[in-house]
Amino acid sequence: MKKYILGIETTCDETSAAVVQDDRIVLSNIIASQAKLHEKYGGVVPEVASRKHFEMLPTVTQEALNESGITIDQVEAVAIAKSPGLPPALSVGYAYASGLALSQEKLFLEVDHLEAHVKGVWLTRDPKKLLEIPYPYICLLVSGGHTEIRMVTAKNKYKILGKTRDDAAGEAFDKTARMLELGYPGGPIIDKLSQTADEEYITFPRPMIDSEDFDFSFSGLKTAVLRESKTALKEYEQYEDQEELYEELSQNRIADLSASFQEAVVDVLVSKTIQAASILGIEHVTIAGGVSANTRLREKMGRECHKKNFSLYYPDMEFCLDNAAMIASKGFDMVAMKKNSG
Ligand code: KG4
Ligand code: ZN
């Protein structure tokens, strides 16, 4: 018999609800992004986020059920993203999801948000395209709050091989974009700008690329970008009274700086992931989290994996950023674990 789990996600600035069938077939995945709301503050304001989650949760959940064609009665469990996340946002989601589970007499599951990201790569909308990733595999988990390399050895088993010592990769994108006055969230903006810019304009340092561990450090990069941006714009001071020309020249330079910054981050992420897989003799690589949507990361990781004969799996775009489908899917793993432990 088919099984369904309703997932709910409110860890940051996406209110999301989804219905997943049999481990990883996504029937619906509604994501209401608050990015526009937080844009004017240059980042997520937790209290504003939690109020918006409170307002959106009933509608988003109903929409997810409607789109899936499944009623709440048919659902086996309600899964909520537990942590990590913004405390006020988490508590709104927890209260709503636990209340729903209790009133409908459903199993209530608290899912780790990061483990759910790792599961994201398994998700599909097409029941005919069920992916089987052989264990063990290496997962590069890159989000707004975390950067880790994990060795995943079984459904609910993993080991963290390395992590960031300061800023997460997504955070570095967001902070750099804010500094260059490009807007929020920085990752997708820098990704898009970089597609038509010169990534070789500046060779920024590749922090910790040769360190003999799998850790990262991105906080120094934004200072380097700031320094270079000041120098770069000085070049055009002579045009300052020709507003339109100055604007165009400086915008192009900002794009080149962004692309150069992105290249440095991507090089470190790719190099460390490939090193980890090579040293451990693991031939399967996945990427997960918001930054796994990055075009350049996908391209360069693809190229390097190909050279090494590793297979690379990355999530469909809708499962990279925060979404409830990954929460529901990880809920299935938790149910399996509970059953196995008797
Ligand atoms: O996983 P996620 O949705 O939320 C967290 O759990 O943090 O990741 C959000 C992060 C943000 O920092 C955002 O700037 C980054 O992912 N991001 C990207 C791209 N799309 C989102 N970074 C680089 N390139 C992208 N295309
Ligand atoms: Zn996330």
Side-chain angles (χ1 to χ4, degrees), residues 3-21 25-41 43-117 119-120 123 125 143-145 184-185 289-290 317-332 334-335:
K3 296 239 155 79
Y4 308 98
I5 291 185
L6 170 69
I8 294 178
E9 153 68 49
T10 63
T11 56
C12 191
D13 61 343
E14 267 96 21
T15 316
S16 179
V19 177
V20 171
Q21 176 198 314
I25 304 166
V26 180
L27 302 186
S28 65
N29 185 33
I30 308 294
I31 305 171
S33 170
Q34 306 176 2
K36 281 261 163 302
L37 187 68
H38 298 282
E39 200 177 11
K40 57 179 177 287
Y41 308 114
V44 181
V45 182
E47 288 69 22
V48 176
S50 57
R51 213 171 314 132
K52 197 69 186 170
H53 286 314
F54 182 75
E55 182 190 321
M56 295 302 291
L57 270 169
T59 330
V60 167
T61 307
Q62 194 52 56
E63 247 182 84
L65 286 167
N66 291 352
E67 197 185 296
S68 70
I70 299 300
T71 64
I72 188 77
D73 288 341
Q74 292 171 274
V75 160
E76 184 185 5
V78 178
I80 182 71
K82 171 182 72 174
S83 67
L86 306 170
L90 288 172
S91 49
V92 170
Y94 183 91
Y96 180 78
S98 59
L100 185 65
L102 191 68
S103 65
Q104 302 295 322
E105 298 180 358
K106 301 291 171 190
L107 182 64
F108 180 56
L109 301 166
E110 294 176 57
V111 171
D112 181 274
H113 176 81
L114 296 179
E115 283 194 51
H117 267 305
K119 183 82 189 285
L123 301 182
R125 289 257 182 189
S143 70
Y184 170 85
M317 281 299 183
E318 67 165 320
F319 309 129
C320 290
L321 278 100
D322 290 348
N323 67 88
M326 67 183 192
I327 306 297
S329 178
K330 192 66 205 170
F332 277 98
M334 290 180 72
V335 173

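- A pairwise comparison of heavy atoms in Y4 and Q74 identifies CD1-O, 3.6 Å as the closest pair.
- Within the structure, salt bridge (charged side-chain N to carboxylate O under 4.0 Å, His left out) contacts touching residues 79-106 (residues at least two apart or in different chains) do not occur.
- Of all the heavy atoms in A89 and C12, the pair that sits closest is CB-O, 4.1 Å.
- Proximity of N323 to E318: side-chain heavy atoms (C-beta onward) are nowhere separated by under 4.5 Å.
- Atoms OH and NE2, on Y184 and H38 in that order, are 7.0 Å from each other to the nearest 0.5 Å.
- Within the 4.5 Å cutoff, side-chain heavy atoms of I72 are placed close to those of L100.
- L114 has its side chain within reach of P84: a pair of non-hydrogen atoms, C-beta onward, lies under 4.5 Å apart.
- Two residues are said to be in side-chain contact when any heavy atoms from C-beta on lie closer than 4.5 Å; D13 and V44 meet this criterion.
- In this structure, OG1 on T10 lies 9.5 Å from CD on Q34, to the nearest 0.5 angstrom.
- Annotation: side chain of L65 is in contact with side chain of V19 (closest heavy-atom distance under 4.5 Å).
- Pairs of residues two or more places apart, or lying in two chains, never qualify as salt bridge (charged side-chain N to carboxylate O under 4.0 Å, His left out) while including a residue from residues 88-102.
- The distance from the CG atom of L6 to the CD1 atom of I70 is 11.0 Å, given to the nearest 0.5 Å.
- Among pairs with a residue in residues 56-74, those fulfilling salt bridge (charged side-chain N to carboxylate O under 4.0 Å, His left out) read E67-R125, at least two apart in sequence or across chains.
- By the ring pair (Phe, Tyr, Trp, His ring centres under 6.0 Å) test, Y94 pairs with F108, sequence neighbours left out.
- Put simply, CG on L321 and NE2 on H117 are 7.5 Å apart, with the number rounded to the nearest 0.5 Å.
- Annotation: side chain of T15 is not in contact with side chain of Y96 (no heavy-atom distance under 4.5 Å).
- Between the CD1 atom in I5 and the CD atom in E76 there is a gap of 5.5 Å [rounded to 0.5 Å].
- In plain terms, the two heavy atoms of S33 and E14 that are nearest each other are OG-OE2, 3.9 Å.
- When all heavy atoms of A101 and L107 are compared, the pair lying nearest together is CB-O, 4.3 Å.
- Pairs of residues two or more places apart, or lying in two chains, never qualify as ring pair (Phe, Tyr, Trp, His ring centres under 6.0 Å) while including a residue from residues 66-86.
- Taking every heavy atom of both residues into account, L109 and A77 meet most closely at CD1-CB, 3.8 Å.
- S28 places a side-chain N or O within 3.5 Å of a backbone atom of A64 that can act as its donor or acceptor partner.
- With contacts defined as side-chain heavy-atom distances shorter than 4.5 Å, the pair L123/M326 qualifies.
- Scored by the ring pair (Phe, Tyr, Trp, His ring centres under 6.0 Å) test, H53 finds no partners at all (sequence neighbours excluded).
- How far CG of L90 is from OG of S83: 7.0 Å, rounded to the nearest 0.5 Å.
- For the residue pair K119 and S329, the shortest heavy atom distance occurs at NZ-OG, 2.8 Å.
- A 4.5 Å side-chain heavy-atom check between H113 and E9 finds at least one atom pair inside the cut-off.
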